[in-house]
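By convention in this document, chain letters (A, B, ...) are assigned in the order of the sequence lines, proteins followed by strands, and residues within each chain are numbered from 1. Excluded from the calculations below are hydrogen atoms, water molecules and symmetry mates; all remaining heavy atoms, backbone and side chain alike, are included.
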Amino acid sequence: MTAAIPQTADLPSQYNPFETEPKWQRFWEEKGFYVADPSAPGDPFSMVLPPPNVTGNLHMGHAFAFTLPDVVTRYKRMRGYNVLWVPGTDHASIAVHTILENQLRQEGKSRFDLGREAFLERAWAWKEQSQGTIKGQLRRLGLSLDWSRDRFTMDEGLNRAVIEAFVRLYEAGLIYRGEYLVNWCPATQSAVSDIELDDKEVKGHLWHFRYPLAADPKQYLVVATTRPETMLGDTAVAVNPTDERYRHLIGQQIKLPIKDRLIPIIGDEYVDASFGSGCVKITPAHDPNDFEIGKRHHLPFINILNKDGTLNENGDPFTGLDRFVARKKVVQWFEEHGLLEKVEDYTHTVPHSDRGGVPIEPLLSIQWFCDVSGMAARCLEEERLNTSPRFVPERWTKVYTGWLEKLRPWCISRQLWWGHQIPAWYPVIEGQIPEDPQAFVVARHEQEALTKAREKFGAEVESVQQDPDVLDTWFSSGLWPFSTLGWPDETEDFKRYYPNSLMSTGFDIIFFWVARMTMMGSQFTGRIPFKDVYINGLVRDEHGAKMSKSKGNGIDPLELLDKYGTDALRYALVKEVVGAGQDVRLAYDRKTGESASVEAARNFANKIWNASRFVLMNLEGQSPAQLGFPSSEHLELADRWILSRLHSTTAQVIQELETYGLGEGARLLYSLIWDDFCDWYIELVKPRLRGEDITSKRTAQQVLATVLESILKLLHPWMPHITEEIWQLLTQTAQATSIAVQPYPESDPAWVDPVLEQEFALVIQTISSLRNLRAEAGLKPNQSITAILLTTDLTEQSILTRAQAYIQDLTKAESLQITGSLATEPKQVAAGVVGTIQVLMPLAGLVDLEALRVKLQKDIAKLEKEAQGIRSRLENPNFISKANPEVVQTNREQLAELEAQMQLLQVRLQKLG
RNA sequence: GGGCGGUUAGCUCAGCGGUAGAGCGCCUGCCUUACAAGCAGGAUGUCACUGGUUCAAGUCCAGUACCGCCCACCA
């Protein structure tokens with residue numbers, strides 16, 4: 001039994017996405033269309049969703065970045081691939097900390113007041129809430145995710161994967177504990193990685209200090225600094241060894257002001273003799289470059305800072321002061337002692353902590369590091385040999401390899417609570433943990449740690465205490481492509497779907513994430529975890545600016561979803577993309593909350609809806625399957641034309657989808673649907689549907705049904721809901737299946753007929769010309785005309801004759817004469833020209849002859865301008881001799897045609913008198 | 001300092017060697033039984049600038065300017 005086809009009256013004339021979309025979202029999920037089956041046939045096509053942070057809501061960037069791969073996924077599924085798209089969310093250690101600690105601050109508390117356990121409870125509660133919101137939003141975007149495989153970076157399985165990865169890296173000698181300069185964020189009191197920094201331009205000063213020589217305090221060297229307080233930790237002054245001014249001083253000593261410490265003058269190539277005074281103060285414990293120099297010259301490392309950004313005992317006499325207060329005091333000291341040479345205004349960039357929002361301090365501390373040099377080298381080798389992964393667009397490859405080439409050890413520990421606690425334990429002996437930083441064991445769990453600790457440190461180990469730090473969030477993210485598939489176990493999913501086919505993400509996290517995944521993937525699975533990397537662009541605001549929280553210029557996707565529907569937003573975003581990875585700008589009016597581009601997409605959806613409504617009401621309740629495909633001998637000109645357009649567009653769309661041309665595909669379909677199908681085919685077919693000729697009517701129904709069904713399938717990856725809604729109505733499958741799992745249309749070259757399309761273009765132009773004449777003459781839409789198409793070209797005559805009914809119908813011509821010559825010339829006639837065809841519309845009664853004249857003159861002038869261009873080309877002997885003969889020939893023909901057309905119009909002009 | 005994008009109609013953008021395009025907006029008619037979220041018709045451009053290659057250049061090459069990103073930063 002099939003459901004009754006709704007009558008036209010049942011279908012509103014405006015498409016309502018708000019009823020439709022949730023219905024199909026539920027349907028897809030309940031019926032499990034997107035649940036992958038590793039035992040099912042088909043080449044695998046697998047992806048993991050870049051897991052959104054559990055920090056609140058999805059933003060426009062998510063909507064965009066997730067819709068793009070959804071288009072690809074839906075296409076691949078319809079192409080018969082065995083598709084898996086794994087959803088999930090990320091615990092986002094630092095980001096969640098920031099949110100929760102802000103909340104606590106408002107309650108007048110800190111996380112330390114709460115304690116680790118209570119804080120984590122809050123974190124889990126927050127995660128639950130945020131995750132629920134995000135999942136709802138992902139569903140609302142209509143993404144074809146396999147929710148049965150939903151993961152969270154801190155769920156049991158992934159936790160196990162993280163510990164396993166850490167242990168294996170440690171056992172391979174790639175994870176170690178060491179002292180190093182880390183980017184220290186005094187606000188969050190944690191180390192942060194290089195890529196969690198945000199450079200901000202700051203207007204500061206460059207202070208020039210006099211450093212007296214120990215041998216002769218009246219002589220001094222001038223050093224400059226933007227961070228005066230660090231001088232308390234200076235352990236040398238460096239000059240360039242080739243610098244004639246200072247070469248003789250190398251080896252002598254400076255008496256460091258305030259501290260009265262003797263520090264050496266050293267020579268190092270790093271110093272640029274041409275910058276400033278050519279002397280550099282060296283603070284190995286608080287500057288990355290100085291750190292390197294300090295190591296080269298075996299200088300002492302003096303740490304002057306506490307973790308909260310105040311000065312420690314080494315900062316005496318400013319111990320306990322905040323770094324910025326100490327800065328002023330140091331400057332004041334130099335000033336008072338006549339050692340301040342000068343102060344310059346100086347604008348420079350200062351690295352700030354992304355999350356903490358304050359300037360970071362390079363700080364010497366004991367952290368956990370991961371040596372990634374071997375992994376990076378393997379990734380570079382893969383890229384060199386196999387160009388794997390393949391970046392789309394290709395230009396991002398350089399960004400990726402460039403970063404891998406200059407990697408430093410990765411600081412993976414964070415002094416936070418929310419995250420994966422580092423699986424390292426310290427032995428407790430006599431109630432104490434040994435001071436030796438290397439006294440620890442790495443284990444999968446506490447029991448194993450205790451055993452190992454006793455083996456290593458003896459039976460006197462009473463217990464073990466786990467390192468309180470958590471891992472950098474990107475550590476677990478790096479495992480995402482395989483940890484989600486069940487790694488470290490050899491699961492069916494892992495065997496079937498790894499490596500992933502595609503990774504779709506933003507350029508801003510090529511370093512953070514893509515490179516970490518390829519490194520971890522190569523380390524643990526021996527393979528690059530994905531074949532292609534599609535790098536999407538940004539969604540910019542209405543002014544072309546990057547949307548960001550700090551600027552507050554974000555556009556809320558939910559607002560647009562509420563206003564226009566999911567399909568409209570999806571289509572509007574993707575249609576703007578050019579090639580792959582280009583940024584898109586979203587039209588938006590902040591006063592009204594309206595978006596012209598999303599509205600245009602909504603209108604497109606409505607157009608599809610109404611075209612479908614027209615088709616449905618004319619099929620007399622028959623489904624495409626019931627109607628069957630029309631037999632070839634019954635096909636009329638318009639039928640063959642629309643089928644040709646369908647098949648040629650299908651070929652182009654498939655071509656685009658295969659090369660990630662998602663925007664191009666969207667635009668091709670827009671034109672096929674709106675221009676070809678709605679404006680022409682449907683209009684042409686109307687008389688046949690109302691007419692007496694049963695065969696012609698049935699053929700039209702068959703073509704309408706088959707073309708509409710193909711169009712729906714073609715468009716489904718971009719606009720999944722409306723296509724599902726209409727497809728269900730059209731095919732009357734009673735929700736037994738989904739358009740999402742129907743085969744994607746194929747292009748049959750047998751139906752593509754370029755000659756026919758060209759001929760049909762002539763018909764279209766002729767109709768347009770007549771419509772133009774009607775409009776120019778000021779005729780009412782329902783007023784009928786008489787028309788004459790005059791041409792001596794027999795082919796054109798034949799085409800026009802075949803299309804005579806179409807022309808008459810679409811131009812309201814009650815009589816239409818197609819002829820090679822006229823027995824009697826009409827007196828007053830509006831005229832246009834198409835090809836060699838004179839398009840004539842005789843006008844009875846009062847007409848504005850002057851208007852007709854002006855119109856003809858304008859047409860002639862236009863043609864003349866065109867002809868002039870071609871003529872000058874043909875008059876150039878070099879063009880004749882050097883250009884491709886075919887091009888020359890074409891130009892000659894074009895000129896001849898233009899001249900003939902002008903001639904015809906001239907004649908008409910003269911006849912007007 | 002290095003690198004990557006971009007500069008085409010009022011706005012947002014296609015086009016990437018042979019006659020300047022789309023959507024939105026604008027103008028003129030139309031509520032024509034699919035659609036006024038629509039239909040028909042129309043107007044609109046020194047294709048940033050300067051050179052070069054070519055018979056031919058928004059289209060290829062070089063440089064310049066401006067806009068936007070990314071990376072690295074000289075203390």
Side-chain angles (χ1 to χ4, degrees), chain A residues 8 11 13-15 199 206 208 223-227 230 238 270-272 274-283 287-290 348-349 351 393 395-396 398-399 402-403 406 507-508 510-511 537-538 540 542 544-546 564 568 575-576 578 581-587 596-597 599-618 663-664 667 670-671 674-675 678-679 682-683 686 690 768 771-776 778-782 810-812 865-870 873 876-884 886-888 890-891 894-895 898:
Chain A
T8 320
L11 298 176
S13 66
Q14 282 190 3
Y15 173 62
D199 281 338
L206 191 57
H208 297 253
V223 297
T225 180
T226 54
R227 294 187 299 155
T230 62
Y270 161 77
V271 180
D272 179 356
S274 64
F275 185 86
S277 65
C279 302
V280 183
K281 62 189 271 306
I282 302 299
T283 322
D287 182 277
N289 291 313
D290 295 6
H348 60 143
T349 50
R395 65 187 143 91
W396 293 108
K398 251 200 318 195
V399 175
W403 192 69
K406 46 173 192 188
F507 63 82
D508 48 334
I510 291 176
F511 309 137
L538 293 175
R540 298 178 169 280
E542 67 276 22
K546 196 168 154 177
Y564 303 108
K575 156 177 117 32
E576 293 291 321
V578 182
Q582 183 160 305
D583 290 353
V584 301
R585 190 186 293 209
L586 188 62
S597 56
E599 186 179 313
R602 190 271 317 262
N603 293 352
F604 178 47
N606 197 49
K607 187 72 180 176
I608 297 163
W609 175 252
N610 276 295
S612 304
R613 212 159 62 92
F614 173 81
V615 173
L616 286 170
M617 66 190 270
N618 281 291
E664 285 80 357
R667 280 174 255 136
Y670 186 97
S671 168
W674 203 309
D675 303 341
C678 292
D679 286 353
I682 285 183
E683 292 307 322
K686 279 177 178 172
R690 289 194 287 259
S768 296
R771 282 173 169 171
N772 172 259
L773 295 181
R774 289 183 60 105
E776 295 279 347
L779 298 184
K780 293 283 169 210
N782 57 357
L810 294 188
T811 60
K812 281 228 157 39
K865 197 182 153 203
E866 232 178 275
Q868 202 48 255
I870 300 175
R873 195 176 308 153
N876 182 348
N878 285 329
F879 176 69
I880 307 293
S881 59
K882 294 194 181 165
N884 184 333
E886 274 176 42
V887 173
V888 176
T890 311
N891 273 271
Q894 281 172 344
L895 183 61
L898 287 171

Want to settle it: does A/E664 or A/G278 sit nearer the 5' end of RNA chain B, counting the closest nucleotide to each? A/E664
By nearest-heavy-atom nucleotide on RNA chain B, the more 5' of A/D675 and A/D679 is A/D675
Between [options], which one does the side chain of [X] approach most closely?
| X | options | value |
| --- | --- | --- |
| A/K398 | B/C4, B/C39, B/A34 | B/C4 |
| A/K406 | B/A72, B/C4, B/A75 | B/A72 |
| A/K607 | B/A34, B/A75, B/G18 | B/A34 |
| A/N610 | B/A34, B/A40, B/C30 | B/A34 |
| A/F879 | B/G42, B/C55, B/A37 | B/C55 |
| A/F511 | B/G68, B/C70, B/A75 | B/C70 |
| A/K780 | B/A34, B/C30, B/C55 | B/C30 |
| A/N289 | B/C74, B/U12, B/A75 | B/C74 |

Using the P atom as the point on both nucleotides, what is the distance between B/C16 and B/U7, in whole Å? 13 Å
Can you tell me the distance, in whole Å, between the CG atom of A/D272 and the P atom of B/C74? 11 Å
For A/S597 and A/K575, which I'm curious about, is there any donor-acceptor pair between the side chains at under 3.5 Å? no
Regarding [X], tell me which of base, sugar-phosphate or nothing describes its non-hydrogen contacts under 4.0 Å with the strands shown.
| X | answer |
| --- | --- |
| A/K812 | nothing |
| A/V887 | base |
| A/T890 | nothing |
| A/R395 | sugar-phosphate |
| A/C678 | base |
| A/I682 | base |

Kindly indicate whether a cation-pi arrangement holds for A/K686 with A/F614, taking the cut-offs as under 6.0 Å to the six-membered ring centre and within 45° of the axis. yes
Report yes or no: is there a donor-acceptor pair, N or O only, under 3.5 Å between the side chain of [X] and the base of [N]?
| X | N | answer |
| --- | --- | --- |
| A/R771 | B/A40 | no |
| A/E683 | B/A34 | yes |
| A/E599 | B/A37 | no |

Using a 90° cut-off around 0 for syn, call B/G58 syn or anti. syn
Mark this stacking check for A/F275 against B/C74 as yes or no, applying ring centres under 5.5 Å and ring planes under 30°. yes
Paired nucleotide for B/A62 [Watson-Crick or G-U wobble; both distances under 3.5 Å]: B/U50
